[in-house]
Each structure stands twice: as structure tokens, then as C-alpha cells.
Amino acid sequence: MKPVLIVYYSRSGVTAKVAAALAQACGADLERIQDVRPRTGVTGYLRSAWQALRRQPADIAAPEHRPADYLFVILGTPVWAGRMSAPMRSYIRQQREHFRRIGLFCTMGGSGGADVLTAMAELCNKLPVASMSLRQRDVLSDAYMPTLAGFADELAVVRDSEAAAKA
Ligand SMILES: Cc1cc2nc3c(=O)[nH]c(=O)nc-3n(C[C@H](O)[C@H](O)[C@H](O)COP(=O)(O)O)c2cc1C
């Protein structure tokens, strides 16, 4: 059993930056959810907002990693129209039966993060071992690094206590 898989969706790179830093902090494998249809430009933006508002799933490529192989799956998404991104909704719906323990994070312009984290936990039907909601400007300026370190620490505490319980 491998320790941690980070699965994220990112349209413009902010969530991807957090996922990469968290993977380094936790020694995790990374899986980027890939759209089948590109979301570039104004039409891509509008389609993204519309799908998220209506809680519609999106077509995504088959993942490369199997979440069932991991003790922890960390899920990261941007906030779209106050909701999780449509590709993340699709991934959770397709894979949730294979999750053991989850962690959650989201990035946003400024609002909606708490509701998105709640909705992700409900869709997974699991309580996260750690969660964080980050503003885009804090990610871009690296002001989010203490929050990220706290998230990694919480995950490490749960990992260590579970390892000790098994020993
Ligand atoms: C379609 C769309 C809708 C968005 N809606 C919100 C929103 O409701 N609240 C918010 O704070 N930010 C919103 N944003 C901003 C993104 O959440 C933010 O820029 C995020 O960090 C982008 O992550 P990414 O670069 O990984 O795609 C929206 C962005 C897009 C593209």
C-alpha cells in the first residue's frame, strides 16, 4: 500500500502549484485530472461556470493512478461559481468507492471555499483528515506556505498514529 496520492484539477495553474508543493511536503504521487474537451477562452470559462452551478459532471480522461492503492487520497479543486469544479465532481463520482482516508483543498478568488470543502466531503461520504481553502493571491505570493505546512503536519500525525496502531 502506498502512502499518499494527490488528485487535482487546475484550469489555470493555481491549484496545480499547491498540489506540487504539497506532493513535495508529503512525498506523495500526483494525478492531474485531464479534461477531454479544452476549457480555454471565454466559452471555456462560461461552460465551466455553468457546469459547476448545475452540478453537472464533465468528461475526463481515465486516471493513471489507482486510488485503491493508497492509504490517503488528497483532492484539490478550484472554486467555480461557489461549487467544486465539474472535472473534480466527475472524478469523485467515478472513484469514491476506492478512497480510504481523504484530505481536501481548494483554491479560489476570494469566496466559496468552505462550502466547496463541505460539498466534496459529502460527495465522498467521508470526513477529511485535513482540509484547507486558499486564496489565489496567497498561492501566487507564497503567503499560503504556513497553511500548507499545517496541512502536511495534520496528515503526518494521522499517518503516524495509524502506523503506530498497526505496529
Ligand atoms: C468558471 C470560474 C468560476 C469561478 N468562480 C469563483 C467563485 O465563485 N469564487 C471564487 O472565489 N473564485 C472563483 N473563481 C476563481 C478561481 O477559483 C481561482 O482563480 C482558482 O484559484 C483557479 O484555480 P486554477 O488556476 O487551479 O484553475 C472562478 C474561476 C472560474 C474559471
Side-chain angles (χ1 to χ4, degrees), residues 4-65 67 70 72-96 99 102-124 128-152 154-155:
V4 187
L5 174 66
I6 297 172
V7 182
Y8 68 98
Y9 179 79
S10 186
R11 178 174 174 269
S12 49
V14 179
T15 314
K17 180 177 173 179
V18 177
L22 194 57
Q24 203 165 20
C26 303
D29 290 339
L30 268 180
E31 171 93 47
R32 183 171 192 153
I33 300 171
Q34 304 281 359
D35 275 308
V36 169
R37 201 175 147 202
R39 290 180 183 276
T40 47
V42 176
T43 51
Y45 182 99
L46 293 175
R47 184 162 51 88
S48 300
W50 178 252
Q51 285 180 331
L53 258 181
R54 311 227 358 167
R55 297 188 177 86
Q56 285 177 352
D59 289 337
I60 56 172
E64 289 179 6
H65 299 79
Y70 293 83
F72 296 89
V73 175
I74 311 297
L75 303 163
T77 181
V79 174
W80 284 355
R83 313 252 198 259
M84 75 184 82
S85 65
M88 177 53 72
R89 187 179 297 282
S90 296
Y91 181 85
I92 293 174
R93 284 187 181 168
Q94 288 173 18
Q95 301 292 336
R96 61 188 161 190
F99 301 161
I102 60 165
L104 302 172
F105 69 94
C106 64
T107 71
M108 60 187 174
S111 65
D115 287 349
V116 164
L117 296 176
T118 301
M120 290 169 82
E122 284 175 1
L123 196 58
C124 295
V129 298
S131 63
M132 61 181 171
S133 154
L134 302 166
R135 283 178 302 187
Q136 174 176 336
R137 67 170 173 273
D138 293 335
V139 175
L140 296 180
S141 70
D142 287 340
Y144 78 111
M145 288 308 274
T147 308
L148 182 127
F151 184 103
E154 284 177 51
L155 188 64

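Given the structure is predicted, the values throughout are model-derived calculations rather than measurements. Read the numbers this way: they start at 1 and go in the same order the structure lists the ligands and their atoms.
Taken from CD1 in I33 to CD in Q94, the straight-line distance is 9.0 Å, to the nearest 0.5 Å.
Within the structure, no pair that satisfies the salt bridge (charged side-chain N to carboxylate O under 4.0 Å, His left out) test touches residues 77-91, not counting sequence neighbours. Applying the side chain to side chain donor-acceptor pair (under 3.5 Å) rule to pairs touching residues 12-26 yields T15-T107, K17-D142, sequence neighbours excluded.
The side-chain contact (heavy atoms from CB on, under 4.5 Å) test with Y70 is passed by exactly one of V7, D29, I6: D29.
Remark: Y8 pairs with no residue by the ring pair (Phe, Tyr, Trp, His ring centres under 6.0 Å) rule, at least two apart or across chains.
For the pair M108 and Q136, the minimum side-chain heavy-atom distance is 4.5 Å or more.
The 4.0 Å heavy-atom shell around ligand 1 contains residues S10, R11, S12, G13, V14, T15, Y45, S48, A49, P78, V79, W80, A81, G82, T107, M108, G109, G110, S111, Q136, ordered by chain and number.
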